[in-house]
Amino acid sequence: DMKVTQMPRYLIKRMGENVLLECGQDMSHETMYWYRQDPGLGLQLIYISYDVDSNSEGDIPKGYRVSRKKREHFSLILDSAKTNQTSVYFCASSKDWGAYEQYFGPGTRLTVL
Amino acid sequence: GEKVEQHESTLSVREGDSAVINCTYTDTASSYFPWYKQEAGKSLHFVIDIRSNVDRKQSQRLIVLLDKKAKRFSLHITATQPEDSAIYFCAASRSNNRIFFGDGTQLVVKP
């Protein structure tokens, strides 16, 4: 069963708190992604991971960091969350980077107060 | 880098009519053009793609056209149904590069 999971699905944090968003996939995909989606702005790429410990910044990496210690898990960390990081965060995976279908997780709705 | 533009931010059609969503891209080396659908309150899922070695691809009621000279591609949904209502994202990439998404088109199919 090809699946991307995200935990938690909903999260409320106060400004300055640390945030950990977790993503898992069961397809042994090499490449994983973190996006955020805000109304009217489409999808913005935060980070790409090409494999374990091989990560690259996307378009909006400031304020975020990632960790990938196992192929099936990819974490997004917000150190000292800010109110403008309130958004819906999607994780995705693909067999390889580039011209391959991406499989998206259900999303995490993060509110930073 | 690549820039993908979706020309219609919203599109409204009557059930049974066809819907066309248009996208343009800037990188002449882009060769892969997928489309994703996002239903209200849900995540994105892949619906169809086209590669630059062809100019037309069909999957049931979905048709994708690619015009490489104009750097334009489009999604045609024939005989629209209420369940086609969603946000549709076009995207483009080179074969060895990340995918760049458009900002999405909200399609509303009215009964």
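A note on names: the letters A, B, ... follow the listed sequences, proteins ahead of strands, and every chain is numbered from 1.
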So, B:Thr105 and B:Gln6: side-chain donor and acceptor under 3.5 Å apart, yes or no?
yes

Contact class of A:Gln44 relative to chain B, heavy atoms under 4.5 angstrom:
neither

With chain A as the partner, which of B:Lys42, B:Arg51, B:Arg94 has the greatest number of non-hydrogen pairs under 4.5 Å?
B:Arg51

Verify the distance criterion only: is there a donor paired with an acceptor across the side chains of B:Asp17 and B:Thr80 at less than 3.5 Å?
no

Could you check whether any side-chain N or O of A:Ser67 sits under 3.5 Å from a backbone N or O of A:Ser75, counting only pairs where one atom can act as donor and the other as acceptor?
no

Kindly indicate, with the supporting measurements, whether the criterion ring-ring contact (aromatic ring centres under 6.0 Å, His included) is fulfilled by B:Tyr36 and B:Phe101.
CA-CA 9 Å; B:Tyr36 288 80; B:Phe101 284 90; 5.6 Å; yes

Interchain contact, A:Tyr33 with chain B, by part (heavy-atom threshold 4.5 Å):
neither

Interchain contact, B:Arg98 with chain A, by part (heavy-atom threshold 4.5 Å)
both

Report the option among B:Leu44, B:Asp103, B:Asp49, B:Ile99 that has the most heavy-atom pairs separated by less than 4.5 Å from atoms of chain A.
B:Leu44

With distance as the sole criterion, is a donor-acceptor pair present between the side chains of B:Arg61 and B:Thr78 under 3.5 Å?
no

Given A:Ile48, A:Thr31, A:Asp59, the one with more heavy-atom pairs under 4.5 angstrom with chain B than any other is A:Asp59

